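Step one of this worksheet: look at the structure below.
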Amino acid sequence: MALTTAQTGLSRARRGVAPGGAGRPANRKSKLTAQTSRTFFWLLLPSVILLVLIHGYPLIEAGVQATHDGSLIEAGNFVGGENFATVLSSPAFWKAAQFTLLFTIVGVFGSWLVGLGLALLLRTKIPAGGTFKVLLLLPWVVPIVVSSTAWNWLVATPDSLIPSLFRNLGLGTPLFLADPSLAALTVMVFKVWVSFPFMMMMISAALASVDSTVYEAASMDGATRFQQFSQITLPLIARSTYISWILMTIFCVNDFPTIYLLTGGGPVDATTSLVVLAYRTVFQDFATGPGVAIAFLMTMTLVVVSVLLYRQIRKSSVE
Amino acid sequence: MSAALHAHPESGPVLGVAGPAKNRRVLSEAGHRGQWWRLVAILAITAIVLVPIMVTVVLAFTPGPTSTATGFTLENFGSVFSETLASTWLQNSLVTTLSTVVVSVAVAAPAGYVLSRGRSKAVSGYSLLLFVMQSLPIITSVVPLFILFAGMGLVDNLLGLTIIYVGSTMTVATWMMAAYFDSIPISLEEASWIDGCSVFGSFTKVVLRNSLPGILSTAIFAFLLAWNDYLVAIVFLRSTEIFTLPMGVQSFFQQNQTDWTSVMALAVIMMLPPVIVFAALNKYFSVGGIGGSLAGR
């Protein structure tokens, strides 16, 4: 529903209809416009102040810090691109970048596939379907601090519930958080567990707006279920799929608690993402310049990516 | 011919109508048979998915290692409140979160109105700016803000925490409000303008009054974000009596031996508010709303 309302808003904007509406007498319109822009200014002011304070100023200041050798206490001297050179030539940065990329890809597509599967399952009439829908949202609603505690209890030590279960089944004792590649996998599975409800909700909303008669027509024409899925369902939810991928990419790249609370970035940095690396560089190694430089590099990448995506979304919604 | 069709709906495939009718019956039969495995599948998946949450709840009511109680017990809750600062943490979390919710909506609603009704270059530029800012990692702002706030005495301070939460929820909150305002017909406002109402007057008296679902869904979003935050809290909070719940829960892991039953009791306390808010107000909140507000505008 929210999608359609937003679209109406946009179609109004596209037609270029002013807030006053079409066919309004010109003199009244101009009087109203002067008053309107004054009101608009005051309505927008608190938001602008906050944006400058919480987003604008820190962004500029981060640029300054990234080019200085300061600490949390003193500003330090200007060192130009030295911090960036340090960061870009350190293997830890590239390792973290690589992990962030993998984490994001698995996080986005893993949660999308699970969310899609469940949304399709829940679309048909199932007894107590509504209850299942709410229950399945819980991983997304429950705070990460709580769920990471539970996951820790389940997998952290060799005597935790799930490793013992594996042992009793004769499958050995997997060290979910101590073995580097297994820890990376565990963190990604945890991320998918946290994120799939978001995808499920996005896809369910999109599926709800698909007219079911389309399927009847298709099955009349002899389309198989798979054909119906790939040629009707997927294209019809493409737009919201696209949006959900974009949002989830941003969520995954910026994620801190999911990783940090489960593994702290370890073992041997196997699960250190760029955000975790930036955090540790600043607050544990007290190297403010390089730490901010890492965050700044991420930020610049995301600015470019999100401006491109914003354009793409606007274009796709005009089509 | 059509009369014949109606008179003899089952008169055979030659008429070309029995085909779909038969197909539909087959479909619904398949759907009926399908329900069985679907229900089993969804039951199994839900059970597996909820294991971590069930574990949390069960452990919270299980007697601790030093306890003499057996079976179901409430003593973990008692001990977590008497032996730790849990009640302070809960209070800190409530104060910060509720202030964030109120101020976020108060800032986002007027700004969202301008985004929804304004059609100038400046307004669409601002809208792009909000989109870009919401996608940026908080870690970038955190260090400069830490230094700025340290000079103002806002580090290790709930007011400082709240300001950052309001700032970081505000971007998406504004988009959500704007998307909702888009659904309120302009004609309602025009009528009030003709009656001599100002733009501000029509915003508060006409638009806001009809926006309860939009306001609620924005409020839930701000609530979840502030209540669940860990990154800002870990950077800005230092002393245990200023901790919010996420920091409080984490403080259990600093000791050598984690007291699992107590930490789970606190975890249950921490997850209750979002679960209750979500269960009660679920119908107002659609993730599609967030996605849609980002996409449609």
Side-chain angles (χ1 to χ4, degrees), chain A residues 2-3 5-7 9-10 18-19 21 35-36 39-40 43-44 46-47 50 54-55 58 61-62 121 124 126 132 135-136 138 141-147 149-151 153 198 201-202 205 219-220 243-244 247 250 254 256-257 275 278-279 282 292 295 298-299 302-303 306-307 310 313 317, chain B residues 20 23 27 38-39 41-42 46 49 52-53 55-56 107 110-111 113-114 117-119 128 131-133 135-137 139-141 143-145 147 164 167 170 174 179 182-183 186 190 199-200 228 230-231 246 249 260 263 267 270-271 274-275 278 282 286-289 291-293 295-297:
Chain A
L3 271 168
T5 58
Q7 280 159 355
L10 194 87
Q35 189 212 354
T36 306
T39 313
F40 278 8
L43 289 176
L44 211 52
S47 157
L50 260 173
I54 303 295
H55 298 274
E61 188 58 28
L121 253 179
T124 46
I126 284 178
F132 286 119
L135 284 176
L136 284 169
L138 282 177
V141 174
V142 165
I144 303 286
V145 173
V146 171
S147 45
T149 305
W151 276 67
W153 187 86
F198 178 85
M201 284 192 273
M202 286 284 286
S219 68
M220 233 193 282
I243 297 159
S244 67
L247 289 175
I250 294 169
N254 293 346
F256 176 77
V275 176
Y279 171 80
V282 174
V292 176
M298 275 181 70
T299 303
L302 280 170
V303 168
S306 70
V307 169
Y310 180 88
I313 296 175
S317 43
Chain B
N23 253 337
L27 258 186
R38 274 168 203 277
L39 183 63
I42 207 84
T46 310
V49 161
I53 293 163
V55 157
T56 310
V107 171
Y113 177 74
V114 177
R117 303 303 196 231
R119 292 286 169 246
L128 169 64
F131 182 84
V132 172
M133 290 307 179
S135 66
L136 299 186
I139 189 82
T140 320
S141 338
V143 181
L145 282 176
I147 295 168
I164 299 179
M170 172 207 102
T174 306
D182 280 345
S183 71
I186 195 89
E190 283 174 336
V199 174
F200 182 74
N228 297 354
Y230 180 67
L231 177 55
V249 170
W260 283 107
V263 77
M270 188 182 169
M271 75 181 179
V275 169
F278 215 80
N282 189 23
S286 70
V287 168
S293 59
R297 293 195 46 76

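On a predicted model such as this, the values are computed, not experimentally measured, just so you know. As a basis for the values below, the full set of heavy atoms in this structure was taken, side chains included, without hydrogen atoms, waters or symmetry mates.
Once rounded to the nearest 0.5 Å, the distance linking CG of A/Leu138 with CE of B/Met271 reads 8.0 Å. Rounded to the nearest 0.5 Å, atoms CD (A/Glu61) and OG1 (B/Thr140) are 13.0 Å apart.
Heavy atoms closer than 4.5 Å to chain A are found in both the backbone and the side chain of B/Val132. For A/Val282, the part lying under 4.5 angstrom from a heavy atom of chain B is the side chain only. For chain A, the nearby part of B/Tyr230 is the side chain; its heavy atoms alone come within less than 4.5 Å.
A/Val142 places none of its side-chain heavy atoms less than 4.5 Å from the side chain of B/Phe278. Contact of the B/Val49 side chain with the A/Leu136 side chain is registered, since non-hydrogen atoms from C-beta on lie closer than 4.5 Å. Here the side chains of B/Pro137 and A/Thr299 are in contact, with some heavy-atom distance below 4.5 Å.
Taking each heavy atom of B/Pro52 and A/Trp151 in turn, the nearest pair found is CG-NE1, 3.3 Å. A pairwise comparison of heavy atoms in B/Pro274 and A/Pro143 identifies CG-CD, 4.0 Å as the closest pair. Heavy-atom minimum distance, A/Val146 versus B/Ala267: CG2-O, 3.5 Å. The minimum heavy-atom distance linking A/Ala295 with B/Ile139 is given by the pair CB-CG2, 4.1 Å. Shown here for B/Ala41 and A/Leu121, the closest heavy-atom pair between the two residues is CB-CD1, 4.3 Å.
Residues that satisfy the side-chain contact (heavy atoms from CB on, under 4.5 Å) test with B/Pro110, not counting sequence neighbours, are A/Leu43, B/Phe203. For A/Ser47, the side-chain contact (heavy atoms from CB on, under 4.5 Å) partners at least two apart in sequence or on another chain are B/Val107, B/Ala111, B/Tyr126, B/Met170.
Side chain of B/Asn228 to backbone of A/Ile144: no donor-acceptor contact under 3.5 angstrom is found.
Contact count versus chain B (heavy atoms, under 4.5 Å) is highest, among A/Thr39, A/Val141, A/Val303, for A/Val141. When the candidates A/Leu44, A/Leu302, A/Asn254 are compared by the number of heavy-atom contacts under 4.5 Å with chain B, A/Asn254 comes out ahead.
Using cut-offs of 30° and 60° for the angle between ring planes, the B/Trp260 and A/Trp153 rings count as perpendicular.
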